[in-house]
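Letters A, B, ... are given to chains in the order of the sequence lines, protein chains preceding strands, and every chain is numbered from 1.
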There are 2 protein chains.
Amino acid sequence: MSNTSVQSVDRAIAILEILAREGATRVTDLAVQLDVHKSTAFRLLAALEQGGLVEQSGDRGRYRLGFGVVRLAGAATAQLDLSKESRPVCLRLAEAVGETVNIAVPQDGDAVNISQVRGPAAISGHNWVGQRTPSHATSSGKVLLAFGALRLPAEPARYTPSTLTEAGRLRLAEIRERGWATTVEELEVGLNAVAAPIRGSDGSVVAAVSVSGPSYRLTPERLPEVGALLAEGAREISQRIGYYR
Amino acid sequence: MSNTSVQSVDRAIAILEILAREGATRVTDLAVQLDVHKSTAFRLLAALEQGGLVEQSGDRGRYRLGFGVVRLAGAATAQLDLSKESRPVCLRLAEAVGETVNIAVPQDGDAVNISQVRGPAAISGHNWVGQRTPSHATSSGKVLLAFGALRLPAEPARYTPSTLTEAGRLRLAEIRERGWATTVEELEVGLNAVAAPIRGSDGSVVAAVSVSGPSYRLTPERLPEVGALLAEGAREISQRIGYYR
DNA sequence: CGGACGTGTTGCTCATAGCGCAACAGACTA
DNA sequence: TAGTCTGTTGCGCTATGAGCAACACGTCCG
């Protein structure tokens with residue numbers, strides 16, 4: 001991070017910092033503090049205003065931080081907390097089960113994996129981080145569907161002969177009651193998975209923690225035992241990010 | 001707000017929005033979504049990273065929103081909240097005391113008034129909004145000095161024969177213990193005032209609420225009773241903006 | 001294990017976007 | 001009403017931002 005920057009963006013950020021420190025400020029005062037011409041300050045403010053990061057305060061000509069930064073912070077806080085707080089639990093689960101553990105969040109109708117801990121037995125395996133996965137064909141997706149964090153697509157795609165493409169066969173009520181969901185070769189042949197719901201501070205399901213591995217190791221017989229472990233881990237992560245039941 | 005913008009700032013803000021929506025994202029994915037070259041996306045990210053608004057997530061090459069946006073939002077929330085949340089309390093105090101109520105925040109060594117409610121007895125009086133007032137000669141300023149939100153100037157100016165220009169005579173420790181500060185004709189002949197501290201969510205004093213009026217109405221004998229009312233009002237405002245003791 | 005592939009990062013060059021100047025419009029005050 | 005101050009806009013110039021291409025590094029697969 002040497003000189004790889006963009007001067008106008010640096011200046012825009014400096015404006016945000018000044019407004020954070022000083023509160024509502026005039027264009028010309030900002031220009032003085034930035035050591036730029038007032039028309040430059042004005043145009044940077046206009047760009048920031050268009051993006052919602054600043055707004056004009058009640059007094060004419062005064063600008064202050066806008067609600068856009070509060071929105072961004074809300075997203076940042078959610079993302080920072082979940083990855084960080086789930087890490088120790090995922091490490092433990094990966095060790096206990098011996099397979100790969102992922103955290104997935106709902107996004108645009110899919111389950112998106114945001115972090116991963118490889119199991120000790122994983123020689124190579126798939127890197128799921130950042131990958132979108134279909135809700136109906138993954139255990140995380142099924143959890144998010146069952147607890148209302150995601151909606152089932154109108155026409156669920158088929159990935160393997162085992163993929164369930166009808167809503168009734170997903171057994172979402174049973175997942176809700178049991179507290180964990182499974183997939184048995186529904187996304188990829190030879191891949192099984194279990195997932196459990198993570199709740200946020202308002203009690204709604206905001207993510208899922210899952211274990212996935214090859215069918216020959218993560219057999220259908222193992223799934224209930226692993227499901228119970230995952231549900232316990234999910235409860236702990238939920239509490240770590242502010243859920244009190 | 002027509003075309004008065006700055007393209008690179010627009011792009012930087014678009015990056016922040018994408019990261020808020022998608023979470024940790026790759027440089028090349030951002031470049032695709034922005035329809036710019038990846039080196040452009042990279043440099044915009046580098047600028048945002050230098051400003052603390054984004055950071056690299058644990059996975060190499062992925063960027064996410066950083067703690068800087070949380071800091072900015074904290075400042076934005078405090079500023080938006082203070083004027084709004086203090087309003088009902090100020091209205092009530094002005095009615096109860098019969099004099100003019102102001103909110104002042106610390107800024108560049110002065111106490112700056114950010115809002116005002118006129119008392120029922122105020123025929124004309126001074127409009128203090130937006131006005132900087134010297135810390136040592138106003139009740140709000142003395143509160144902000146006493147609780148560490150402002151520093152006393154090296155050579156405090158004299159405004160009236162009653163102005164206290166020596167640090168020892170301000171009795172800041174007594175103000176801290178008592179919970180309110182007074183001025184008796186120290187800024188203007190014929191003007192008295194009382195102020196109490198407003199605390200933010202981290203417990204530090206971020207503002208002061210004051211009552212001011214003519215000496216013949218707001219007499220020194222009335223000041224303790226008004227001080228207690230103000231301290232109560234300040235406590236309520238503090239709680240409204242997130243202070244929990 | 002080595003090669004292929006993909007992605008982040010850096011250096012260079014060019015042209016256009018950003019910047020500063022100057023003028024205009026509006027608000028306020030003596 | 002004239003002067004002053006500040007926000008906003010138009011114009012022209014050049015420095016900065018953008019894109020190309022190469023390099024460095026990590027991952028994956030045969």
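- When the side-chain nitrogen and oxygen atoms of A:Y63 are compared with OP1 and OP2 of D:dT6, none of them lie within a distance under 4.0 Å.
- The distance from atom CG of B:L191 to atom OG1 of B:T160, rounded to the nearest 0.5 Å, is 10.0 Å.
- What separates CZ of A:F42 from C1' of C:dC24 is a distance of 13 Å, to the nearest Å.
- Remark: A:D10 engages A:S5 in a side-chain hydrogen bond (donor to acceptor under 3.5 Å, both in side chains) (not counting sequence neighbours).
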Side-chain donor/acceptor pairs under 3.5 Å, residues 34-46 of chain B, sequence neighbours excluded:
unit_1	atom_1	unit_2	atom_2	d
B:H37	ND1	B:S39	N	3.0
B:H37	ND1	B:S39	OG	3.0

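- Comparing the helix axis at one end of the helix from C:dC1-D:dG30 to C:dA30-D:dT1 with that at the other, each defined from 5 consecutive pairs, gives an inter-axis angle of 40° (nearest 10°).
- Atom P of nucleotide D:dC5 and atom CG of A:D29 are separated by 14 Å, given to the nearest angstrom.
- For the side chain to side chain contact (heavy atoms under 4.5 Å, CB included) test, residues two or more places apart in sequence or in another chain that qualify with A:T182 are A:W180, A:V194, A:L223.
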At under 4.0 Å between heavy atoms, which parts of nucleotides 14-23 of chain C does protein reach? Answer with one letter per nucleotide, 5' to 3': B base, S sugar-phosphate only, - none.
---SSSBBB-
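- Residues passing the side chain to side chain contact (heavy atoms under 4.5 Å, CB included) test with B:A12, sequence neighbours excluded: A:V9, B:L48.
- Remark: A:E95 engages no residue in a side chain to side chain contact (heavy atoms under 4.5 Å, CB included) (not counting sequence neighbours).
- For A:E236, the side chain to side chain contact (heavy atoms under 4.5 Å, CB included) criterion is met by A:V89, A:R92, A:R240, not counting sequence neighbours.
- One can place CG of B:L30 at 13 Å from P of C:dT7, the figure rounded to the nearest angstrom.
- Residue pairs that meet the salt bridge (charged side-chain N to carboxylate O under 4.0 Å, His left out) test with at least one member in residues 134-144 of chain B, sequence neighbours left out, are B:K142-B:E186.
- As rounded to whole Å, 13 Å separates atom C1' of D:dG17 from atom CD1 of B:I15.
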